[in-house]
Amino acid sequence: MFAYYIKLGVRSLRRNPALTALMVLTLAVGVAASVSTLTILHMMSGDPIPHKSDRLFVPIFDVQPAEGYVPGTPSDEQQVTYIDAMNLLKSGQGVRRTALYGIAPSVEPLRKDIGAFTAPGIAPTRDFFAMFEVPFLHGQPWSEADDARGASVAILGRQVAEKLFGAASPVGQRLNVMGQPFTIVGVVDDWEPQPRYYKLVGGDYFGVREEIFIPLATAVRLEASRNGGMSCSARPEPGFQGIMRSECTWLQFWFETASSAERGALHDYLNGYAAEQRKLGRMRRGTPAELYDVNQWMEHEKVVGKDNKLSAWLAFGFLALCLVNTIGLLLAKFSVRASEVGIRRALGASRREIFRQFLTESAVIGLAGGLLGLLLAFGALALIGMQNREAAAVARMDLTMLAFTFLLSVLAAVLAGLFPTWRACQVTPAIQLKSQ
């Protein structure tokens, strides 16, 4: 019987093509607007490294002055000081540790046809690449010895490497960074899903892709300025214009543990460390250390901001408007079939059967609208992805959103068809037979 109703639904699509086309188009536009918005939010808020996100942790200490502090007020810290970062690197906690900050050094190629330029990048320690599973196209991360002595070595992003050296491996080649000769030891391949890592390492969605990586100790030695400025109220130490070995320097820090079960022990260590620092006159507020895993950190950093969530509600509001229009079109479509309903009722069809038939037809319309809406959503996401490569990484649809699109379109059509279908079932057979 259901297959029969499906056939009737398909046949009804051809009965009044203009009205059917309006309903399908109305549903398609509403579905495309909501699904394309939700797809971006889904990709932005998804777990960027699901197989180890519960083993990567960000520690936060409250080192602000005690004056004016109200106990119980949550800390707004996002990074740790240089002093704390160096202490945590030496702590031996976890299986890997990294400290990093954003840089934008000047790069001077040895080629005469390319002038000097500023390259956005990161100054991390060696463990960063393994912790975040950064893929390498050529070469490998620098050595622990390079980390320790602040060697003049660099890792390039794929785009800037191809810009400077073509498709050949540039490992072993040299270029000047901040006026100093650097040796290239590796090239990072395209890193997906790159944008979701930006928030993890202090970057930004739809920002520029990292083009250069140099050791943290090297950036400190060369006083590489922090990309994005410095948030600090303390007075810098004399002689340091960029990154400073003092309370005035903020770095991001990450731990990787062997298992999620080690989180409690790590948190206990951090609280013990904070207590020791308070005895030395630091961390004067006395608040406990905070520890975030990847997903908690993304929530803390508001990866999906209020404006993004508002856009989702606006998209759903537009879908609701499309549903109202579809309800009106279905009422018009079903009202002209009153005589058909009357004859079927007179021949013994129950209201329940009529209801199933018309609701199935609404679902068929929704399925057609979903197919068209899916094509429109793909088109909208493609336009967004054309903005830049980072946008393309989140403006793409996975299987989950693909299934959601069809479910949403059919559900929307069924909801829109409930009232018109109920109205169609109220036809009195005697009146319709008398009028024919």
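The basis for the numbers below is simple: all heavy atoms, side chains too, and nothing from hydrogens, waters or symmetry mates. Owing to the predicted nature of the structure, the values given are computational and were not obtained by experimental measurement. Sequence positions, counted from 1, serve as the residue numbers for this chain.
Note that the CD atom of Gln277 and the CG atom of Asn87 stand 6.0 Å from one another [nearest 0.5 Å]. Atom CG of Leu376 and atom CG of Leu371 lie 11.0 Å apart (nearest 0.5 Å).
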Next on the checklist: Assess the residue pair Thr183 and Arg174 against the criterion (side chain to side chain donor-acceptor pair (under 3.5 Å)); give the C-alpha distance rounded to whole Å, side-chain angles, the decisive distance to 0.1 Å, and a yes or no.
Outcome noted: CA-CA 5 Å; Thr183 301; Arg174 299 174 73 85; 3.1 Å; yes

Next on the checklist: Using side-chain contact (heavy atoms from CB on, under 4.5 Å), reason through Leu270 and Phe255 one step at a time and then give a plain yes or no.
Outcome noted: CA-CA 11 Å; Leu270 295 174; Phe255 284 104; 4.0 Å; yes

Checklist entry - Run the side-chain contact (heavy atoms from CB on, under 4.5 Å) check on Thr125 and Leu89 step by step: do they pass? => result CA-CA 9 Å; Thr125 56; Leu89 283 175; 4.1 Å; yes

Checklist entry - Can you check side-chain contact (heavy atoms from CB on, under 4.5 Å) on Leu27 and Leu25, steps first, answer last? => result CA-CA 5 Å; Leu27 279 176; Leu25 183 60; over 6 Å; no

Checklist entry - Are Met131 and Arg55 close enough, and set up right, to give a side-chain contact (heavy atoms from CB on, under 4.5 Å), and what steps lead you there? => result CA-CA 10 Å; Met131 290 174 69; Arg55 298 189 288 113; over 6 Å; no

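Counting heavy atoms from C-beta outward, Asn271 and Tyr273 have side chains that stay 4.5 Å or more apart. Annotation: side chain of Val95 is not in contact with side chain of Thr257 (no heavy-atom distance under 4.5 Å). The closest side-chain heavy-atom distance from Ile155 to Ile212 is not below 4.5 Å. Met86 has its side chain within reach of Leu216: a pair of non-hydrogen atoms, C-beta onward, lies under 4.5 Å apart. Side-chain contact between Leu372 and Leu374 is absent, with no heavy atoms from C-beta onward closer than 4.5 Å. Contact annotation: the side chain of Leu266 never approaches that of Asp268 to less than 4.5 Å [non-hydrogen atoms, C-beta and beyond]. Using a 4.5 Å heavy-atom threshold, the side chains of Phe117 and Glu211 count as touching. Contact annotation: the side chain of Leu291 never approaches that of Tyr269 to less than 4.5 Å [non-hydrogen atoms, C-beta and beyond].
His267 and Glu262 are not linked by any side-chain donor-acceptor pair at a separation below 3.5 angstrom, with hydrogens and angles left out of the test.
When every heavy atom of Ser152 is checked against every heavy atom of Arg221, the shortest pair comes out as OG-NH2, 3.1 Å. Scanning all heavy atoms of the two residues, the minimum distance from Trp142 to Ile214 falls at CH2-C, 3.4 Å. Across all their heavy atoms, Ser53 and Asp293 have their closest contact at O-CB, 3.5 Å. Asp189 and Arg158 make their closest contact through OD1-NH1, 2.7 Å (heavy atoms, listed as atom of the first residue, atom of the second, distance). In terms of heavy-atom proximity, Ala151 sits nearest to Pro215 at O-CG, 3.9 Å. Contact detail for Pro124 and Thr98: the closest heavy-atom pair is CB-OG1, 4.1 Å.
In this structure a side-chain-to-backbone donor-acceptor pair under 3.5 Å is missing from Asp127 to Arg96.
Shown here are the side chain to side chain contact (heavy atoms under 4.5 Å, CB included) partners of Pro170, two or more places apart in sequence or in another chain: His138, Ala161, Phe165, Gln173, Ile184, Val187. Phe136 meets the ring pair (Phe, Tyr, Trp, His ring centres under 6.0 Å) test with Phe129; sequence neighbours excluded. Partners of Arg126 according to the side-chain hydrogen bond (donor to acceptor under 3.5 Å, both in side chains) rule, which considers only residues two or more places apart in sequence or in another chain, do not exist here. The salt bridge (Lys or Arg N to Asp or Glu O under 4.0 Å) search around Arg149 returns Asp146, not counting sequence neighbours. Every side chain to side chain contact (heavy atoms under 4.5 Å, CB included) that Gln180 has, sequence neighbours left out, goes to Phe182, Leu222.
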What donor-acceptor contacts under 3.5 angstrom involve side-chain atoms of residues 104-116, with partners at least two apart or in another chain?
from   : atom 1 : to     : atom 2 : distance (Å)
Arg111 : NE     : Asp113 : OD1    : 3.1
Arg111 : NH1    : Lys163 : O      : 3.2
Arg111 : NH1    : Leu164 : O      : 2.8
Arg111 : NH2    : Asp113 : OD2    : 2.6

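The only option from Trp297, Phe253, Phe57 that meets the ring pair (Phe, Tyr, Trp, His ring centres under 6.0 Å) definition with Tyr292 turns out to be Trp297.
Aromatic ring centres of Trp254 and Phe132: separated by under 6.0 Å.
Glu256 and Lys52 are joined by a salt bridge, as a carboxylate oxygen and a charged side-chain nitrogen come within less than 4.0 angstrom of each other.
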